[in-house]
Amino acid sequence: MRQIEIKLRSRAKINIGLDVTGVRDDGYHLVRMIMQSVDLCDDVTIRADREAVFCDKSGKDIRITCDRPGIPCDERNLAWKAASLLMDETGIGEPVTIDIVKRIPVAAGLAGGSGNAAAVLLGMNELFNLGLSGEDLCKIGLRIGADVPYCLTGKTMLAEGIGEVLTPLKDLPKCHILLAKPDMDVSTAHVYGELDRKKDLRHPDIDAILEAVEGSDLKRICAHMGNILEEVTEKEHGVITEIKKSMKKNGALNALMSGSGPTVFGIFEDIKKAEKAYDAIKKEDLAKQVFITAPI
Ligand code: ATP
C-alpha cells in the first residue's frame, strides 16, 4: 500500500561563525558561515490527503496546522512555500496536510522556518516518490531562503555564496550547548540593512575556526567563534551582552549570538556548568526560552 504519511524532525541550527563578505548586484549578501545543527527540533508531519478538498486562494490544496500561536498557516508559512514550489516543479496536485509542532523559538536566528521548509521538501519527495536529487532540492530550497539548502542535510557545514555552496566539515567535538532566546523578535532583513550602513566592521576569522574544526579542538573553536551580525543586533539589544556574560561567568568556553539573533548560545564541556548557567539565566530573567541541547 502507498505510504500516506511521513514524520520528520526539523532541527534548529546555530552559527559557530558568521561573516558577510559582500553584497551581490541583486542585493543578496555573500556569506561565510560555519553551521551546526542541534538536537532541539520541530516535528513536521506530512499527509497525502486524497479525500480532502481545501483549495486555498492560490488554487492549491495545501493545509498547514501549527501548535504555536502567531505563526501564519497560509502562503506566508515557509512550509507552505516549499509544498507549493514542489507542486509547481513536479506537477503533483494531490492535497497535502502539513502539521507542525514547534519547539524551536521563532524569529530567533535558529532557522526554525527554514528547517520546516527543508523538512517539507525532503518529506514530499519521499512521500510522493518524486525522485528529485539533493541538488534539485537545494535549488528549490534556495528560492525559499538562504538557510534552506543547509537545512536539507544539517550537521557541521561551511556555507558560502549566498548560503548554497556547502562543504561538509568534521563533526564538532562532543559538547553541550545552552540556547537562550531573549523576549523579543528580530527581523533578519533589518539586521542586514543596518549592517550595510556600517563601516570598519570586525570580521570573524572563519579560516581559524575551520582549522580548529579540522583539528577537533573545541577550545580553539570557541576561542575563534564570531558573528559579524552581533555588530547590529547586540548593539540594539543589551540583553544579548548580559546573556553572553552570564553564560561565560558560569563556565561556558564561549558564548555567541546565532544568525541575526537574538538567540545566544554557550558551549560547555561540562553538563553541570551548562545546568548552572541555565538556572542563572532563568533566575536573572534574561530569557524565558532556554534549552540545553547538543550538536547532532
Ligand atoms: P533564519 O535563521 O532562517 O532567519 P529565524 O529563526 O530568524 O530563521 P524563523 O523562526 O524562521 O526565523 O521566523 C521568521 C519569520 O517567519 C517569523 O515572523 C514567522 O512568523 C515566519 N514563519 C513563516 N513560516 C514559519 C515556520 N514554518 N516556522 C516559523 N516561522 C515561520
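Predicted, not measured: the structure shown is a model, and the values here were computed from it.
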On a heavy-atom basis, which atom in A146 and which in I162 lie closest, and how many Å separate them? CB-O, 3.0 Å

Using side chain to side chain donor-acceptor pair (under 3.5 Å) as the criterion, point out the one residue from R11, K102, R9 that pairs with D42. K102

Mind listing the closest non-hydrogen atom pair of S37 and G154 along with its distance? OG-C, 3.8 Å

Are side-chain N/O atoms of E236 and H190 paired as donor and acceptor at under 3.5 Å? yes

Run the salt-bridge test on R32 and D207 with the 4.0 Å N-O cut-off and return the result as yes or no. yes

Does D74 form a salt bridge (Lys or Arg N to Asp or Glu O under 4.0 Å) with R76? I'd like the steps, not just the answer. CA-CA 5 Å; D74 53 21; R76 289 169 292 170; 2.8 Å; yes

Is a salt bridge present between E269 and K219, judged by a nitrogen-to-oxygen distance below 4.0 Å? yes

Take atom NZ of K282 as the centre, draw a 6.0 Å sphere, and report whether it contains more than 12 heavy atoms from other residues, nucleotides or ligands. yes

Out of curiosity, does V120 fall in the hydrophobic cluster containing I100 (side-chain heavy atoms, cut-off under 4.5 Å, transitive links)? yes

ILVMFWY network linking Y28 to I144, side-chain heavy atoms under 4.5 angstrom: no

Under 6.0 Å from the CG atom of D26, do we count more than 12 heavy atoms belonging to anything else shown? yes

Quick one: do D171 and K174 make a salt bridge, cutoff under 4.0 Å? no

Output yes when a side-chain donor or acceptor of N77 lies under 3.5 Å from a complementary backbone atom of P72, and no otherwise. yes

same_hphob_cluster(I267, L256) at 4.5 Å side-chain heavy-atom cutoff: yes

Is it the case that over 12 heavy atoms from other parts of the model lie below 6.0 angstrom from the CZ atom of R24? yes

Can you find a side-chain donor-acceptor pair between K248 and N250 that sits under 3.5 Å? no

Is a side-chain donor-acceptor pair under 3.5 Å present for H176 with D270? no

Between R197 and E194, does any NZ, NE, NH1 or NH2 come within less than 4.0 Å of an OD or OE carboxylate oxygen? yes

